[in-house]
Amino acid sequence: MSPFLIALFLPIIGYIIYDLITSTPLNVPPCIPRLPVIGSYWHLLWYNYTFPFKAVQYYANKLQSAIVTCYFGGLMTFIANDYNSIKEVLSKEEFDGRLANGHLFLDRAFGEQLGIFFIDGPVWKEQRRFALRHMRDVGFGRRQEKFEASMMEEISLLINMLKEGPINDKEKAYLKNGMARFPDVLYPYVANNIWCIMFGERFDRSEHHKLKYFCESAIEFQRSGDTSGGALSTFWFLKYFGNMFKYKAMMKSNLQLINFIKEHLDNRKCSSDDYGTGLVDQYLKEIDKNKNLKSNFTEKQLVMTLVDIMFPALSAIPSTVVHAIKAIMHHPRVLKNVQEEIDTVVGTGRLVTWDDRKSLPYMEATIRESLRYETLTPFSIFHKALKPTTLCGYNVPKDTPVITNLAALHNDVNLWGDPENFRPERFLKADGQLGKDFTFPFGFGHRICLGETFARYNLFELVASLIQNFNFSFVENEPTGLNDKLPGLITSPKETWIRVEPRYT
């Protein structure tokens, strides 16, 4: 046999042997084509390198299956792509697991399974329950008059900043000549509100640059999980290639979040022996109570819990608001309808409040449509089967990762009809009131986002108040197009200048 034929057939024979060795179990979903070692990942990157989640939707349609199998390296993963399959994943307790032993999750948390975002089991339940109980007491997920008053003060300050301009050199970085740099200008508002829940205090305007740094660290962590950074979760050894695959950037931004929190935590421990009502004080009290016992309540666990609760709020809320504002700017009919509704219901003598939400269905529908139109977390957070189970009739072995493809759900033609169009009316019934919401931007079930109520409150207050008080217009040569966005753990908008014109004084 000629050397050419040998060279031709050896890879084919090798692949056949590989396929036999790594053959998939019986009764699993159709599989996206895969290659030795790298699995299906190559096909996702080949289809769309920047946003590979779009390839999954393509293959789901091609394979005519709402659930597909995708190999990340040698790891068999199931991906749910429509409403019924995604809801089943989110509803079943068997899928409440996380990839807690992943090297990236351990590296970011002192080499341990800490926090509440990327862990599962009894410790997750214990820590989540404790955090929620004490955060609700101060307004996180529950109406609380003092906290809502504090939020309205922050809204008023933001509007004043946009109207009056900067008061110091640091603010000139995101405020100038009737323009604002988004999402930077939103960072102090968002950070102060979540910080108040955690520490029971707020930063003064003169310290807003510290909050901006805090938020920028969170957004850098999110963006480090882009296509190149995402390869780290499949091939652990890539972290030794410097920052080629974003490992250093991810760890650096994570450490900045940790150090920022630890600095203020140390100050809190030294300043007083009295315990307040915020989560930090209550957690420190619990640590002190269990200091002579074997306990999961440790300072490391507290730090990572604070990181896990805060970093999504610091980055996701500002990103979502900018996505919404840009979508509305590109659809002036929607802006006109929203402003007319707010002017009729609320007027100009006061700010929109949460109590107005039920009387502003078009405003709420616009926020829901923006969450659908630009899916912030296309693959959400990976789930894991805690034991052998089934998904829509397919067998799911124990420890199998399961992904909910929210981007596919939010762009399902069979569900939305015209998903490519930005049309808030799709969330309204014939009588103009809100209808059923078939989106899952915050997840569902036991692992629903801890801060869903907090986030929805902030999104409504921010978007409604900004639209009530300002008209927005494009700044030439600024990245304000709907495709001016960056991949990562979330899809974030590029930083951009937008002209803000007060509607009234």
Peer 1: Nearest 0.5 angstrom please: N395 CG to N27 CG, how far?
Peer 2: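 Taking CG in N395 and CG in N27, the distance rounds to 4.5 Å.
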Peer 1: Can you see whether Y457 engages E452 through a side-chain donor-acceptor pair at a distance of less than 3.5 angstrom?
Peer 2: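 Note: Y457 and E452 side chains miss the donor-acceptor criterion.
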Peer 1: Is there side-chain contact between F422 and T366, with heavy atoms separated by less than 4.5 Å?
Peer 2: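 Contact flag for F422/T366 side chains = yes.
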Peer 1: Where does the angle between the aromatic ring planes of H134 and F130 fall among parallel (under 30°), tilted (30 to 60°) and perpendicular (over 60°)?
Peer 2: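 Geometry flag for F130 against H134: tilted rings.
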Peer 1: Looking only at heavy atoms, what is the nearest atom pair of I32 and S40, with distance?
Peer 2: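 Taking every non-hydrogen atom into account, O-OG, 3.1 Å.
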Peer 1: Return the minimal non-hydrogen interatomic distance between K429 and L434, and the atom names on each side.
Peer 2: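 Heavy-atom minimum between the residues: CE-O, 3.4 Å.
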Peer 1: Are any side-chain N or O atoms of H103 and backbone N or O atoms of L232, one a donor and one an acceptor, separated by less than 3.5 Å?
Peer 2: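 Yes.
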Peer 1: Between W416 and Y83, is the ring centroid distance below 6.0 Å?
Peer 2: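 So the answer is no for these two rings.
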Peer 1: Would the distance check show the side chain of T400 and the main-chain N or O of P397 forming a donor-acceptor pair, the cut-off being under 3.5 Å?
Peer 2: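 It does hold such a pair.
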Peer 1: Whether the side chain of N405 engages the backbone of A408 through a donor-acceptor N/O pair (distance < 3.5 Å, no angle test) should be reported.
Peer 2: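 It does hold such a pair.
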Peer 1: Among residues at least two apart in sequence or on other chains, which ones pass ring-ring contact (aromatic ring centres under 6.0 Å, His included) with W42?
Peer 2: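 Once residues adjacent in sequence are excluded, the partners of W42 under the ring-ring contact (aromatic ring centres under 6.0 Å, His included) criterion are W46.
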Peer 1: Between V138 and F147, is any pair of side-chain heavy atoms under 4.5 Å apart?
Peer 2: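 A side-chain contact is absent here, since even the closest heavy-atom pair is not under 4.5 Å.
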Peer 1: Could you go through residues 377-393 and list every donor-acceptor pair under 3.5 Å that involves a side-chain atom there, pairing it with any protein atom two or more places apart or in another chain?
Peer 2:
| residue | atom | partner | partner atom | Å |
| --- | --- | --- | --- | --- |
| H383 | ND1 | F95 | O | 2.8 |
| K384 | NZ | R98 | O | 3.3 |
| T389 | OG1 | K92 | NZ | 3.1 |

Peer 1: Not counting sequence neighbours, list each pair that qualifies as a side-chain hydrogen bond (donor to acceptor under 3.5 Å, both in side chains) and has a residue in residues 253-262.
Peer 2: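 Residue pairs passing side-chain hydrogen bond (donor to acceptor under 3.5 Å, both in side chains), neighbours aside: S217-Q256.
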Peer 1: Are side-chain heavy atoms of L415 and L409 found at a separation under 4.5 Å?
Peer 2: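 Answer yes - side chains close enough.
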Peer 1: Quick one: does any side-chain atom of T320 pair with a main-chain N or O of A316 as donor and acceptor, under 3.5 Å?
Peer 2: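 Here the side-chain-to-backbone pair exists.
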Peer 1: Would you say D266's side chain and E263's backbone share a donor-acceptor pair under 3.5 angstrom?
Peer 2: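 Flag not set: sc D266 to bb E263 has no pair under 3.5 Å.
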Peer 1: Rounded at 0.5 Å granularity, tell me how far CZ in R423 sits from CD in E369.
Peer 2: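 Rounded to the nearest 0.5 Å, the CZ-CD separation comes to 7.5 Å.
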Peer 1: Find the distance between CG (L211) and CD1 (I194) and round it off to the nearest 0.5 Å.
Peer 2: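 These two atoms lie 12.5 Å from each other.
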Peer 1: Which distance, rounded to the nearest 0.5 Å, do you find between the CG of N193 and the CE of M310?
Peer 2: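 CE of M310 is found 13.0 Å from CG of N193.
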Peer 1: Where is the tightest heavy-atom contact between A313 and V190, given as atom of each residue plus distance?
Peer 2: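 Heavy atoms only, the tightest pair is O-CG1, 3.1 Å.
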Peer 1: Salt bridge check: are D107 and K239 linked by an N-O gap of less than 4.0 Å?
Peer 2: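 Salt bridge present between D107 and K239.
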Peer 1: Pair up each side-chain donor or acceptor in residues 53-65 with any protein partner under 3.5 Å, not counting sequence neighbours, and list the distances.
Peer 2:
| residue | atom | partner | partner atom | Å |
| --- | --- | --- | --- | --- |
| N61 | ND2 | Q57 | O | 3.3 |
| S65 | OG | I67 | N | 3.3 |
| S65 | OG | I67 | O | 2.5 |

Peer 1: According to the interplanar angle, ranging from 0 to 90°, do the rings of Y213 and F260 count as parallel (below 30°), tilted (30 to 60°) or perpendicular (above 60°)?
Peer 2: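 Y213 vs F260 ring planes: tilted.
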Peer 1: Quick one: do the E216 and Y187 side chains pair a donor with an acceptor below 3.5 Å?
Peer 2: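 Absent: no donor and acceptor within the cut-off.
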Peer 1: Kindly compute the distance separating CG (L459) from CZ (R368), expressed to the nearest 0.5 Å.
Peer 2: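 Reported to 0.5 Å precision, the distance equals 12.5 Å.
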Peer 1: Tell me every residue that passes side-chain hydrogen bond (donor to acceptor under 3.5 Å, both in side chains) with T439, counting only those two or more places apart in sequence or in another chain.
Peer 2: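 Residues passing side-chain hydrogen bond (donor to acceptor under 3.5 Å, both in side chains) with T439: D437.
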Peer 1: Please assess H323 against S370 for the test side chain to side chain donor-acceptor pair (under 3.5 Å), listing each intermediate value before the final yes or no.
Peer 2: CA-CA 7 Å; H323 284 316; S370 67; over 6 Å; no
Peer 1: Report the distance from atom CG of L238 to atom OH of Y247, rounding to the nearest 0.5 Å.
Peer 2: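 One gets 12.0 Å once the value is rounded to the nearest 0.5 Å.
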Peer 1: Tell me whether the NZ or CZ atom of R456 lies within the 45° cone about the ring axis of W354 and under 6.0 Å from its centre.
Peer 2: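 Relative to the ring axis of W354, which defines the angle, R456 lies outside at least one limit.
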Peer 1: Just by modelled atom types, is the P487 backbone N or O under 3.5 Å from a matching donor or acceptor in the D226 side chain?
Peer 2: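 Checked: no pair found.
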Peer 1: Could you tell me if the side chain of V321 sits less than 4.5 Å from the side chain of P183, heavy atoms only?
Peer 2: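 Of all side-chain heavy-atom pairs linking V321 with P183, none is under 4.5 Å.
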Peer 1: Within the distance-only criterion (no hydrogens, no angle test), does the side chain of N101 pair as donor or acceptor with the backbone N or O of L99 below 3.5 angstrom?
Peer 2: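 Judged by distance alone, no pair lies under 3.5 Å.
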Peer 1: Do K494 side-chain atoms and N483 backbone N/O form a donor-acceptor pair below 3.5 Å?
Peer 2: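 Answer holds: no.
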Peer 1: What heavy-atom pair brings F444 and S91 nearest, and what distance separates the two atoms?
Peer 2: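 Heavy atoms only, the tightest pair is CE2-OG, 3.4 Å.
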Peer 1: Taking the six-membered ring for Trp and the single ring otherwise, decide whether the centroids of F221 and F311 are under 6.0 Å apart.
Peer 2: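 Yes, the ring centres sit under 6.0 Å apart.
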Peer 1: Walk me through whether F140 and T453 qualify under side chain to side chain contact (heavy atoms under 4.5 Å, CB included).
Peer 2: CA-CA 7 Å; F140 190 91; T453 303; over 6 Å; no
Peer 1: Has the side chain of R223 got a donor or acceptor atom that lies under 3.5 Å from a matching backbone atom of S492?
Peer 2: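 Judged by distance alone, no pair lies under 3.5 Å.
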Peer 1: Answer yes or no: is there a side-chain heavy-atom contact under 4.5 Å between T491 and L486?
Peer 2: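 Contact flag for T491/L486 side chains = no.
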Peer 1: Considering only heavy atoms from C-beta outward, does the side chain of C70 approach that of L44 to under 4.5 Å?
Peer 2: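 C70 vs L44: side chains touch.
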Peer 1: Between R372 and H410 (side chain of the first, backbone of the second, donor and acceptor by atom type, cut-off under 3.5 Å), is there such a pair?
Peer 2: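 It does hold such a pair.
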Peer 1: Could you check if a side-chain atom of C31 sits within less than 4.5 angstrom of a side-chain atom of Y71, using non-hydrogen atoms only?
Peer 2: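 Contact flag for C31/Y71 side chains = yes.
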Peer 1: Got a list of side-chain donor-acceptor pairs under 3.5 Å for residues 296-307, not counting sequence neighbours?
Peer 2:
| residue | atom | partner | partner atom | Å |
| --- | --- | --- | --- | --- |
| N296 | ND2 | E126 | OE1 | 3.0 |
| T298 | OG1 | Q301 | N | 3.1 |
| E299 | OE1 | K269 | NZ | 2.7 |
| E299 | OE2 | K269 | NZ | 3.2 |
| K300 | NZ | E112 | OE2 | 3.4 |
| Q301 | OE1 | G115 | N | 3.2 |
| Q301 | NE2 | G115 | O | 3.2 |
| Q301 | NE2 | T305 | OG1 | 2.9 |
| T305 | OG1 | Q301 | O | 2.8 |

Peer 1: Between Y189 and N458, does any side-chain donor sit less than 3.5 Å from a side-chain acceptor?
Peer 2: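 Y189 vs N458: donor-acceptor pair found between side chains.
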Peer 1: Has K485 got its NZ or CZ under 6.0 Å from the middle of the six-membered ring of F51, at an angle within 45 degrees of the ring axis?
Peer 2: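 Geometry flag: set, cation within 6.0 Å and 45°.
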Peer 1: Are the side chains of R108 and L255 in contact, using a 4.5 Å heavy-atom criterion?
Peer 2: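 No; the side chains remain at least 4.5 Å from each other.
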